[in-house]
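Let me begin by presenting the structure, written as C-alpha cells, before commenting on it.
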Protein chains: 4
Amino acid sequence: MKQSPRVLGRPRHNENAKPTKDIVLETATRLFIKEGYKNISMDDVAKACNVTKATVYYYYPTKGDLYTSALIAMMDRIRLAILHILEQPSPFKERLEQLVEVHLSATVDIDMKNFMREASINLSESQLKEVHISENKIYQTIEQAMQLEMEKGTIRKGNATFFAHTFMAMMSIGYFKDGEGKRLFNTVQETAKEVTTFFWQSVHNNE
Amino acid sequence: MKQSPRVLGRPRHNENAKPTKDIVLETATRLFIKEGYKNISMDDVAKACNVTKATVYYYYPTKGDLYTSALIAMMDRIRLAILHILEQPSPFKERLEQLVEVHLSATVDIDMKNFMREASINLSESQLKEVHISENKIYQTIEQAMQLEMEKGTIRKGNATFFAHTFMAMMSIGYFKDGEGKRLFNTVQETAKEVTTFFWQSVHNNE
Amino acid sequence: MKQSPRVLGRPRHNENAKPTKDIVLETATRLFIKEGYKNISMDDVAKACNVTKATVYYYYPTKGDLYTSALIAMMDRIRLAILHILEQPSPFKERLEQLVEVHLSATVDIDMKNFMREASINLSESQLKEVHISENKIYQTIEQAMQLEMEKGTIRKGNATFFAHTFMAMMSIGYFKDGEGKRLFNTVQETAKEVTTFFWQSVHNNE
Amino acid sequence: MKQSPRVLGRPRHNENAKPTKDIVLETATRLFIKEGYKNISMDDVAKACNVTKATVYYYYPTKGDLYTSALIAMMDRIRLAILHILEQPSPFKERLEQLVEVHLSATVDIDMKNFMREASINLSESQLKEVHISENKIYQTIEQAMQLEMEKGTIRKGNATFFAHTFMAMMSIGYFKDGEGKRLFNTVQETAKEVTTFFWQSVHNNE
DNA sequence: AATGAATGAGGTTTCATTCAT
DNA sequence: TATGAATGAAACCTCATTCAT
C-alpha cells in the first residue's frame with residue numbers, strides 16, 4: 001500500500017484546518033493513553049496524523065517531550081473537568097458522585113498512576129517535574145474542595161490531602177475488569193453511587 | 001590451619017545453588033517490577049543473572065512467557081502473604097492494618113494495576129488469562145475474609161468484592177510520592193493506621 | 001534626563017550591521033573549522049547566526065557551496081596574512097619565524113590538510129577545484145618568496161615548492177597535543193623559534 | 001537487488017574462515033581510512049563485510065568503539081613497521097629513507113593527524129585516551145631511535161621528541177596532491193630521498 | 001544444560017533540502 | 001529578504017528470536 005504522494009516543503013495553507021501541532025498532540029495523547037509510552041512509536045503517531053516522523057520531530061524535539069506535553073494536556077483537561085463539577089451549586093455528595101461518573105465515562109481506560117509510572121521510568125528529570133506539577137494541581141483542586149466542605153461542616157475535619165487521594169484511588173475501581181472482561185458494577189451510575197456512598201460513610205459529619 | 005572439609009569425588013554441581021531457572025525467574029521478576037515489561041530486555045535479564053540470553057530462552061520460550069511466569073510468581077507470593085496475615089487470630093481491623101503495612105514495606109513500588117495493564121497490552125490472550133486467574137485469586141482471598149467477617153457480624157453486610165477492591169485501591173495510596181518525592185504520611189505504620197481507620201469507618205458494624 | 005539623540009524617519013535597516021550573507025559565512029567558517037564538515041549541520045549554522053535554515057539556503061544553495069565559500073574565504077585570509085608578513089623588510093629568517101607565530105596563534109587548531117581531506121570526500125568536482133585553487137595560491141605565495149630569496153642568495157638553490165610545503169608541514173607541529181593535552185613547546189614563540197631554526201639549518205646558504 | 005538469503009542463528013562453523021570479528025575490524029579500518037569517520041556508516045561496514053548491522057554491533061557495541069579499535073589496530077601496525085625498519089643494521093640515514101618509502105607506499109592516503117582530529121571530535125573521552133596512547137607509542141618509537149643516534153653521535157644532540165614529530169610531519173608531504181592530482185615528486189623513492197636529505201641537513205652531526 | 005553467533009525488524013533521531021508565503 | 005512547515009533518506013542503535021554446537 002503506497003501512501004498518497006506528498007509534495008516536499010510547506011503546503012498551501014488551508015484556512016479552516018487545525019494546526020498540525022495540535023493534531024499531533026491530540027493524536028499522540030489518544031495513542032499513549034491506549035497503549036502506553038513504549039508501545040507507541042513516533043512513527044505510529046506520525047502515521048495516525050498522516051504526516052511523516054520528521055514532522056512530529058519538528059514540533060516535539062524528542063519522544064519524551066511529546067509524552068510530557070501529552071500528559072500535561074490530558075491532566076489539564078481532567079483538572080478543568082473536575083473543577084467545573086466541583087464549582088456547581090449542588091450538594092457536595094452529589095458533586096462527588098458526578099465526579100466519578102464523568103471521570104469514568106469521559107476519560108481514559110486507565111487511571112493516572114499508570115501514566116505517572118511510565119513517566120517516572122522514561123522521562124528526564126525535568127520533564128518528569130513538569131508532569132508532576134500538573135498532577136499535583138489535580139489533587140489540589142479536589143483537596144481545596146474538601147477543605148472548603150470541612151470548614152462548612154459538611155464533612156468531618158481531617159487530612160484533606162489524604163481524603164483527595166483516597167477518593168481518586170476509589171474512583172479507579174471503576175476501571176477494573178476481571179478475566180472475562182466483567183466490571184464490578186453494571187453501569188457507571190451504579191459505580192458512582194457505590195463509591196461515593198462508601199466514601200461518604202467515612203467522611204460525612206455526624207455531629 | 002585446618003583445611004575446610006571436602007567430600008570426595010566430583011561435587012554434584014553445587015548442591016546449595018539454586019537452579020538456574022529459579023534464578024532467572026526471580027531476577028526477571030525484580031527487574032520487571034522496577035522497570036516494566038518494555039524497559040527490560042531479555043539481555044538485561046540474562047546479564048543480571050550472569051548467563052547468556054540463550055540460556056534465558058532455554059527456560060522461557062518467549063519474553064511474554066517469562067513475564068507471565070514472573071507475574072504469576074509475584075502474585076502467588078502476594079496472595080500467600082495476604083492469606084498468612086488474614087489467618088491470624090487477631091481482630092479483623094488489626095489484621096487489615098497489618099496487611100497494609102506488609103504490602104507497603106515488602107513489595108514493589110507500585111500497585112498491581114500497572115502490571116495488569118502491561119500484561120493486557122503485551123501478552124497473548126492465553127498468557128493474559130493465566131495472569132488474570134492469579135490476580136483474581138488475590139482478590140478472592142480478601143473477599144472471602146470480608147465475607148467471613150460479615151457473617152460473624154464484625155463488619156456490615158455488603159458487596160464483599162467491592163470491599164476487597166476498595167481496600168486494595170486504598171492501599172496503593174501509600175505508594176504516592178509528590179514532585180519532591182514526599183509521601184502522604186511519614187511512616188508505613190502511620191499510613192497503615194490512617195488507611196485502615198478510614199476503611200473501617202465505612203464498613204464496621206454499628207448495630 | 002536627556003533622550004538619546006535619534007535620527008528622524010525610518011532607519012535604513014541598521015547601517016552598521018553586517019549583511020546577513022557575511023554573518024553566515026563567518027559563522028560557518030568558524031564552525032566548520034572547529035568541528036569539521038560532517039559535524040556541523042545547516043541548522044547549526046543557522047542557529048549560530050540567529051536566522052533560520054531557510055535563510056542560510058537563501059544565500060548558499062547547498063551545504064557544499066557554503067563549505068566551499070567558507071574554505072576559500074579562510075584560505076584567502078591566510079594567504080593575505082602570509083603575504084603581509086613576507087612583504088616586510090626584515091630578514092627572511094625573521095619573517096619565517098613571524099609566519100609560524102601568526103599562523104599558530106591566529107588560526108585554527110588544525111592544519112589545512114584536514115580541510116582538504118573533508119573537501120575531497122564531500123565536495124563536488126567543481127567545488128573541489130575552486131578550493132584547490134585557493135590552496136595552491138597559499139603555497140605559491142610562500143614558494144615565490146622562497147624563489148626570491150634563492151635568487152638573492154639568502155638561501156640555497158633548491159626546489160622552492162618542496163621548501164614551501166616542508167615549511168608548512170613543520171608549522172603544523174605546533175598544533176600537536178599529547179594525551180594529556182600538553183604541547184611540544186610551552187609557548188608559540190618558542191615553537192616558532194625552534195621550527196624556523198630547524199628549517200633554516202637546512203636551507204640557509206653557507207657558501 | 002536482493003541479498004543472498006541468509007539463515008538465522010549461528011551458521012555452521014567454517015574451519016578455515018577468518019573470525020567475523022577480524023573481518024569487521026579490517027574492513028572498517030580500510031573504509032574509515034579512505035572516507036573518514038562520519039562518511040562511513042555502520043551499514044556501510046556491515047555490507048562490505050557481507051554481514052548485517054546487528055552483527056557489527058554484536059562485536060563492537062558502538063561506532064565509536066569500532067573506530068577506536070580500528071585506529072589502534074592501524075597504529076599498532078604502523079608502529080611495528082616503523083620499529084622493524086629502525087632495528088635494521090643499516091646506517092641511520094638510510095633507515096630514515098626507508099621509513100618514508102614504506103610509510104608512503106604501504107599505508108594510507110593520508111596522515112595520522114586526520115584520524116586524530118576525527119577522533120578528538122567524535123570519540124568519547126576514554127576512547128580518545130586509548131587512541132592517544134597508541135599514537136604516542138609511534139612517536140616514542142622514533143624518538144627512541146633518535147635518542148640512540150644522538151648518543152652514538154650520528155646526529156647532533158637536540159630535542160628528540162621534536163625531531164620525531166618534525167620527521168613525521170615532513171613525511172606527510174608525500175601525500176600532497178595539487179588540483180590536477182600531481183604529486184610533489186614523481187616517485188616515492190624520490191620523495192623519500194628528498195625528505196630525508198632535507199631532514200638530515202638539519203640534524204646530522206658536523207663536528 | 002548452556003552458549004556464541006547471527007539476523008530482521010523496528011526504534012529514535014538527524015539532516016539536507018524544498019516550497020509557499 | 002527571510003521564514004515556517006514539511007519531507008525522504010539515512011544515521012545509530014536495540015531487541016526478540018533462532019540455531020548449530
Side-chain angles (χ1 to χ4, degrees), chain A residues 3 5-13 19-21 38-46 50-64 66, chain B residues 13 19-21 24 38-46 49-66, chain C residues 13 19-21 24 38-46 49-66, chain D residues 3 5-13 19-21 38-46 50-64 66:
Chain A
Q3 299 242 156
R6 281 159 131 293
V7 268
L8 241 84
R10 181 190 204 175
R12 247 188 246 91
H13 185 51
T20 306
K21 188 173 183 179
K38 279 281 181 175
N39 287 282
I40 292 298
S41 72
M42 290 301 259
D43 213 25
D44 291 337
V45 175
N50 230 1
V51 296
T52 61
K53 247 186 304 188
T55 302
V56 178
Y57 275 97
Y58 179 70
Y59 292 108
Y60 300 93
T62 70
K63 192 187 177 188
L66 178 55
Chain B
H13 182 54
T20 306
K21 188 172 182 178
V24 170
K38 280 281 183 177
N39 286 281
I40 293 297
S41 73
M42 291 300 259
D43 217 28
D44 291 336
V45 174
C49 296
N50 258 335
V51 297
T52 62
K53 235 188 314 191
T55 304
V56 177
Y57 274 95
Y58 181 76
Y59 291 110
Y60 299 92
T62 70
K63 192 188 177 188
D65 288 326
L66 178 55
Chain C
H13 183 54
T20 306
K21 188 172 183 179
V24 170
K38 280 280 181 176
N39 286 282
I40 293 297
S41 72
M42 290 300 259
D43 217 27
D44 291 336
V45 174
C49 296
N50 258 334
V51 297
T52 62
K53 236 189 311 192
T55 303
V56 177
Y57 273 96
Y58 180 76
Y59 291 110
Y60 299 93
T62 70
K63 192 187 177 189
D65 287 326
L66 178 55
Chain D
Q3 300 240 158
R6 280 159 128 296
V7 268
L8 242 84
R10 181 191 204 174
R12 247 187 246 91
H13 185 51
T20 306
K21 189 173 183 179
K38 279 281 182 176
N39 286 282
I40 293 298
S41 73
M42 289 302 258
D43 214 25
D44 291 338
V45 175
N50 230 4
V51 297
T52 62
K53 244 186 309 188
T55 302
V56 178
Y57 276 98
Y58 179 72
Y59 292 108
Y60 300 92
T62 69
K63 192 189 177 187
L66 178 55

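In this text the structure is predicted, and so the values were computed from the model without any measurement. Residue numbering restarts at 1 for every chain, and letters A, B, ... go by the order of the sequence lines. Computed from heavy atoms alone, side chains included, the values below leave out hydrogens, waters and symmetry copies.
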Atom [atom1] of [X] to atom [atom2] of [N]: distance rounded to whole Å?
{"X": "Asp43(A)", "N": "dT14(F)", "atom1": "CG", "atom2": "P", "answer": "19 Å"}
{"X": "Met42(A)", "N": "dC12(F)", "atom1": "CE", "atom2": "P", "answer": "20 Å"}
{"X": "Asn39(D)", "N": "dT14(E)", "atom1": "CG", "atom2": "P", "answer": "19 Å"}

Is a donor-acceptor contact shorter than 3.5 angstrom present between the side chain of Lys63(A) and the base of dT13(E)?
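Side chain to base: no pair below 3.5 Å.
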Taking for each residue the nucleotide of DNA chain E bearing the nearest heavy atom, is the 5' side occupied by Asp44(C) or by Lys21(B)?
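Taking each residue's closest nucleotide, the earlier one in sequence belongs to Lys21(B).
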Go nucleotide by nucleotide along DNA chain E from the 5' end; which of Lys38(D) and Ser41(A) gets its closest nucleotide reached first?
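Nearer the 5' end of the strand: Ser41(A).
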Can you give me the closest heavy-atom contact between [X] and [Y], atom names plus distance?
{"X": "Leu66(C)", "Y": "Met42(C)", "value": "CD2-SD, 4.0 Å"}
{"X": "Ile40(D)", "Y": "Lys63(D)", "value": "O-NZ, 2.8 Å"}
{"X": "Ala46(B)", "Y": "Thr52(B)", "value": "CB-C, 3.6 Å"}

Using Watson-Crick or G-U wobble geometry with both distances under 3.5 Å, which nucleotide pairs with dA9(F)?
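Matched dA9(F) with dT14(E) under the 3.5 Å cut-off.
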If we call it a pair only when both distances are under 3.5 Å in a Watson-Crick or G-U wobble match, what pairs with dA20(F)?
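Base partner found: dT3(E).
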So do the side chains of Asn39(B) and Asp44(B) get within less than 4.5 Å of each other, counting heavy atoms only?
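Result no, sub-4.5 Å side-chain heavy-atom pair not found.
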Closest to the Ala54(D) side chain: dT12(E), dT14(F), dA6(F)?
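Among dT12(E), dT14(F), dA6(F), the one nearest the side chain of Ala54(D) is dT14(F).
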Of all the nucleotides listed (dA6(F), dA5(E), dC15(E)), which has the minimum atom distance to the side chain of Tyr58(D)?
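Of the options given, the side chain of Tyr58(D) lies nearest dA5(E).
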Can you tell me how far OH of Tyr57(C) sits from CG of Asp65(C), rounded to the nearest 0.5 angstrom?
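Those atoms lie 10.0 Å apart.
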Taking any heavy-atom pair under 4.0 Å as a contact, classify Thr55(C): base, sugar-phosphate, or nothing.
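Thr55(C): base contact, heavy atoms under 4.0 Å.
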Base, sugar-phosphate, or nothing for Tyr57(C), non-hydrogen atoms under 4.0 angstrom?
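It contacts base atoms.
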With DNA chain F as reference, determine whether Ile40(B) or Lys53(D) sits nearer its 5' end, using the nearest nucleotide of each.
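First, find each residue's nearest nucleotide; the 5'-ward one identifies Lys53(D).
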Judged by each residue's nearest nucleotide on DNA chain F, which is more toward the 5′ side, Thr52(C) or Thr62(D)?
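The 5'-side residue here is Thr52(C).
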Distance test, side-chain N/O of Thr20(B) to OP1/OP2 of dA1(E), below 4.0 Å
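For dA1(E), neither OP1 nor OP2 has a side-chain N or O of Thr20(B) closer than 4.0 Å.
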